[in-house]
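These notes are about the structure you will find just below.
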Amino acid sequence: MDWGTVSAEDLIEALKEVDWSSPPRPLNEFFSKFTVPRSSNKWNSRLKCNLYYYRTNYFLMIVFILGLGFLRRPLAIVAALSTALTIAFLNDSFAGTFSEKVTRTVRRFSPHVAAKMRPPLMPVLRGRPSSKRAIYICGRPRWQFVLLFSAVSFFLWFVSCGLLTLLWALSIGLLVTIMHASFRTPNLKARLNTFREEFRAVWRNYSDL
């Protein structure tokens, strides 16, 4: 796959749909080999490839940097976790996994309530869904959870007075992420993983027909 031809919008869309529940890459692989890209096209391709391949590592690294910045602000740590959960809800795979696990937990105590948490059935016309598959969390549209957790996060940030610390920690986390993705040489495993993800996407689209 030529990452140089992938636009930023396509990369964001892929990160929204890809599975984020996979464990992070080992540290010895994450900090293995660094080289300076030979050209701007090589840098652009390397940046997108590493952002996609090491997505879980980068997410955990940013959360770790945020945690260090809020060691003296416990309420800000809760706000950071709420913000991270809000962003994670935008990923289709995480939203579906989260909803399934919560529904299973509720089913152990109240099957009647768990039955109401099932997503509604989508109408089908001529063997195909009538519209793009909507994402539901615990029986509710995803945007309701995103809006709720966004409001809670904003309130916690305001109460904890940690917005300035958030901006500094987030800037440092993003800077470290971009530097690592720019100089980390893509290995063969990253390229093979890319081809495997492409095959899964094509097979998923084929099975939906």
Compare every heavy atom of L60 with every heavy atom of P24, then report the nearest pair and how far apart it is.
-> CG-CD1, 3.7 Å

d(T177 OG1, I172 CD1) to nearest 0.5 Å is 11.5 Å

Polar side chain donor-acceptor pair, Y54 to R184, under 3.5 angstrom | yes

Any sub-3.5 Å donor-acceptor pair from R25's side-chain atoms to F30's backbone N or O?
-> no

Can H180 and Y58 be counted as having a side-chain donor-acceptor contact under 3.5 angstrom?
-> yes

I77 and L66, any side-chain heavy atoms less than 4.5 Å apart | no

Check the hydrophobic clustering (I, L, V, M, F, W, Y; side-chain heavy atoms under 4.5 Å; chains of links allowed) and say if L90 and W143 are grouped together.
-> no

Closest approach of F145 to C138 (non-hydrogen atoms, all atoms of both residues) | CZ-CB, 4.1 Å

Quick one: list whatever passes side-chain contact (heavy atoms from CB on, under 4.5 Å) with A79, sequence neighbours left out.
-> L156, W157

Out of curiosity, does L167 fall in the hydrophobic cluster containing L174 (side-chain heavy atoms, cut-off under 4.5 Å, transitive links)?
-> no

Shared ILVMFWY cluster between M61 and L47, side chains joined below 4.5 angstrom?
-> yes

Please name all residues satisfying ring-ring contact (aromatic ring centres under 6.0 Å, His included) with F158, sequence neighbours left out, ordered by chain then number.
-> none

For the residue pair G173 and I65, what are the closest heavy atoms and their distance?
-> CA-CD1, 3.6 Å

Are the side chain of R108 and the backbone of T105 linked by a donor-acceptor contact shorter than 3.5 Å?
-> no

Between the CZ atom in F89 and the CD atom in Q144, the distance rounded to the nearest 0.5 Å is 12.5 Å

Between atom CG of N50 and atom OH of Y52, what is the distance when rounded to the nearest 0.5 Å?
-> 13.5 Å

Looking only at atom types and distance, does a side-chain atom of S110 sit under 3.5 Å from a main-chain N or O of V106, one as donor and one as acceptor?
-> no

Can I87 be reached from I178 by stepping across I, L, V, M, F, W or Y side chains whose heavy atoms are under 4.5 Å apart?
-> no

Should the pair R107 and F109 be classed as cation-pi, given the thresholds of under 6.0 Å to the six-membered ring centre and 45° from the axis?
-> no

Give a yes or no on this: more than 12 heavy atoms of other residues, nucleotides or ligands lie within 6.0 Å of atom CZ of F154.
-> no

Heavy-atom side-chain proximity of N57 to E29 below 4.5 angstrom = no

So, do F183 and P37 sit near enough that their side-chain heavy atoms are less than 4.5 Å apart?
-> yes

Atom of R46, atom of T35 and distance for their closest heavy-atom approach | NH1-O, 2.6 Å

Say whether V176 and Y53 are linked into one hydrophobic cluster, either directly or through other cluster members, by side-chain heavy-atom distances under 4.5 angstrom.
-> yes

Go through the structure and list residues passing side-chain contact (heavy atoms from CB on, under 4.5 Å) with L175, not counting sequence neighbours.
-> M179

Between S32 and N28, which heavy-atom pair has the shortest distance, and what is it?
-> CB-O, 3.3 Å

Please tell me if the side chains of L85 and F94 come closer than 4.5 Å, counting only heavy atoms from C-beta onward.
-> yes

May I ask you to check whether S99 and R142 show a side-chain donor-acceptor distance below 3.5 Å?
-> no

